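To start, the structure itself, in structure tokens.
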Amino acid sequence: MTTEQLQAELAAIITWFESDQVDIDKAVEQYKKGLKIADQLKKRLEETKNSIAKLNSHFDA
Amino acid sequence: MLPSFSPSEFVAVLNQSFEGVYPQVEIEGEVLQFKISKNRWVYFDICDEQSKLRCFGTVYLLPTPIENGMRVKIVCAPRLHPQFGFSLTIQSLQLSGEGSIKKAADLLERKLEAEGLFAADRKRSVAYPPQTIGLITSSESAAYNDFIKVLAARFGGINISLADVQVQGESAVGQIVRAITWFNQSAAAPDVLVLIRGGGSKDDLQAFSSEQVTRAVAASRIPTVVAIGHETDISLAERAADLHASTPSNAAELLVPDRRTLLANLSHQRVTLRTGLLKMVTTSEQLLSESKQQLLEASQQFLDNTGLNYERLRRHLVSLSPEATLKRGYAVVRSNDKVVKSVQSVKPGNDLTITFVDGQIAGKVQ
């Protein structure tokens with residue numbers, strides 16, 4: 001999953017907790033999932049580097 | 001003996017002489033009687049105080065719109081036309097003199113403005129953050145290093161394809177335009193094109209205000225970000241871009257969020273998750289407690305109702321008991337220990353026992 005997809009999923013879990021429904025089993029499951037995503041995102045943010053590829057094409061006429 | 005020619009022969013000889021002696025010359029002067037014919041052919045005179053020479057070329061050679069009074073430097077070939085006389089066939093043209101350059105730039109800006117290339121409603125949104133960037137700049141420039149450094153400090157995971165081009169000098173315009181075209185024709189087009197260079201003199205930055213680069217930026221189907229370091233005037237390419245950044249570093253800042261902010265948000269989201277879970281546990285406990293109370297109340301109500309009913313039943317039963325009936329004045333007649341319910345069940349002479357509430361008496365059927 002891309003970083004943006006993970007961020008969106010985490011945001012969706014937080015929104016679920018903000019809703020009025022009460023389901024303690026699902027809440028525990030969602031909480032664990034949310035923490036796992038947060039760990040993944042933290043790792044990505046701290047460790048992922050940008051890659052630079054110089055094009056072989058020369059742009060002379 | 002004098003050389004003798006027909007007019008056509010002499011024209012041919014003169015053209016041969018020009019080709020031999022001056023195949024190509026550079027002439028600088030003022031433009032007069034500028035004219036474009038059929039949107040393709042350009043005619044003007046190049047003049048100084050004493051002389052004027054007819055010039056001819058195509059509109060494709062003009063780097064910018066031209067007006068009478070501008071000072072230009074042309075590279076050209078002298079030629080004698082059999083019918084129209086002497087002219088200079090233009091091979092390249094560039095503006096000379098600050099005034100001409102400024103005037104040409106103003107003309108071009110007005111022309112492109114009128115075409116709508118800088119209109120706000122043409123601006124597209126740029127992916128935030130992009131996953132792929134097509135970077136067009138010189139890999140040896142400070143602008144390149146600044147952009148890469150700031151981008152790396154702020155965010156990771158972006159794939160950058162670098163088109164290493166000259167950003168000033170004669171080749172700059174062509175190389176930048178070809179790089180923009182290359183990315184636009186690429187099968188795996190990047191999310192955004194970033195065209196950058198550091199600051200410099202007006203001449204250094206000329207490519208970024210050229211018609212070709214400006215049109216290529218405006219025509220790009222990939223959203224564009226253009227940034228030139230610390231210049232006073234905004235170049236035309238920056239005006240045509242979807243996003244204009246003040247410096248190459250600023251371009252990186254506009255393209256991606258800062259990972260420190262994202263990490264802080266992440267910590268906040270962890271707290272929100274924990275709070276959410278605890279809130280739900282508390283709510284569940286409350287609901288459980290309420291349910292328990294409701295159950296207790298319901299049980300009590302049940303017991304109360306049952307007790308009332310029992311008492312009513314008991315009274316009813318008591319009221320139906322034989323003792324109660326006897327108390328009300330009734331008596332039970334038995335014969336041979338069986339209750340006599342009908343006169344048909346006894347015969348004269350049978351013994352009877354009659355039970356009252358307070359005792360029994362014996363009798364006989366007559």
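Predicted, not measured: the structure shown is a model, and the values here were computed from it. Just so we're on the same page: letters track the sequence lines, and every chain starts at 1.
- Atom CG of A:Asn50 sits about 12.0 Å away from atom CZ of B:Arg154, to the nearest 0.5 Å.
- For the set B:Leu162, B:Thr283, B:Asn159, B:Leu287, the entry with the most heavy-atom pairs within less than 4.5 Å of chain A is B:Leu162.
- Contacts between B:Thr275 and chain A at a heavy-atom distance below 4.5 Å are absent for every atom of the residue.
- Heavy-atom pairs under 4.5 Å with chain A were tallied for B:Gly157, B:Ala163, B:Gly276; the largest tally goes to B:Gly157.
- Heavy atoms closer than 4.5 Å to chain A are found in both the backbone and the side chain of B:Arg274.
- With sequence neighbours excluded, no residue forms a side chain to side chain donor-acceptor pair (under 3.5 Å) with B:Asp146.
- Only the side chain of B:Phe183 comes within contact range of chain A, with at least one heavy atom under 4.5 Å from a heavy atom of that chain.
- Contacts between A:Asp23 and chain B at a heavy-atom distance below 4.5 Å involve the backbone alone (N, CA, C, O).
- Contact of B:Ile158 with chain A is made through backbone and side chain together, with heavy-atom distances under 4.5 Å.
- Taken to the nearest 0.5 Å, the CG atom of B:Leu278 stands 9.5 Å off from the CZ atom of A:Phe17.
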Any chance you could lay out the side chain to side chain contact (heavy atoms under 4.5 Å, CB included) test for A:Lys33 and B:Leu273, step after step, and finish with the verdict?
CA-CA 10 Å; A:Lys33 194 174 166 189; B:Leu273 271 181; over 6 Å; no
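- Residue contact with chain A, scored on non-hydrogen atoms closer than 4.5 Å, involves the backbone and the side chain of B:Val281 alike.
- Few gaps surround CD on B:Gln24; more than 12 heavy atoms of other groups in view lie less than 6.0 Å from it.
- Between chain B and the options A:Ala27, A:Gly34, A:Ala11, heavy-atom pairs under 4.5 Å are most frequent for A:Ala27.
- Heavy-atom pairs under 4.5 Å with chain A peak, among B:Lys279, B:Gln131, B:Gln166, at B:Gln131.
- Contact count against chain A (heavy-atom pairs under 4.5 Å) is highest for B:Ala179 among B:Ala179, B:Gly174, B:Ser161.
- Neither the backbone nor the side chain of B:Ile176 comes within less than 4.5 Å of any heavy atom in chain A.
- A 6.0 Å sphere centred on CZ of B:Arg124 holds more than 12 heavy atoms belonging to other residues, nucleotides or ligands.
- Note that CG of A:Asp25 and CE of B:Met280 are 11.0 Å apart. Values are rounded to the nearest 0.5 Å.
- Of the atoms belonging to A:Glu4, it is side-chain heavy atoms, and not backbone ones, that fall under 4.5 Å from chain B.
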Given side chain to side chain contact (heavy atoms under 4.5 Å, CB included), test A:Leu41 with B:Leu262 step by step and report yes or no.
CA-CA 9 Å; A:Leu41 279 170; B:Leu262 295 177; over 6 Å; no
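- Evaluated for a side chain to side chain contact (heavy atoms under 4.5 Å, CB included) with A:Phe59, the options B:Val165, B:Val177, B:Ile180 yield exactly one hit, B:Val165.
- Contact record, B:Leu263 with A:Lys42: CD2-CG, 3.8 Å, taken as the closest heavy-atom pair.
- Using a 4.5 Å cut-off between heavy atoms, B:Thr272 contacts chain A through its side chain alone, with no backbone atom that close.
- More than 12 non-hydrogen atoms from other residues, nucleotides or ligands lie less than 6.0 angstrom from CD of B:Gln91.
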So B:Asp164 and A:Leu55, side chain to side chain contact (heavy atoms under 4.5 Å, CB included) or not? Walk me through it.
CA-CA 7 Å; B:Asp164 194 0; A:Leu55 299 174; over 6 Å; no
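- Contacts between A:Lys49 and chain B at a heavy-atom distance below 4.5 Å involve the backbone alone (N, CA, C, O).
- With a threshold of 4.5 angstrom between heavy atoms, B:Ile148 approaches chain A through side-chain atoms but not through N, CA, C or O.
- We find the CG-CG distance between A:Leu45 and B:Leu266 to be 6.5 Å, quoted to the nearest 0.5 Å.
- The two residues A:Val22 and B:Ser284 make their nearest non-hydrogen contact at CG1-OG, 3.4 Å.
- Distance check: B:Tyr144 OH to A:Ile52 CD1 gives 4.0 Å after rounding to the nearest 0.5 Å.
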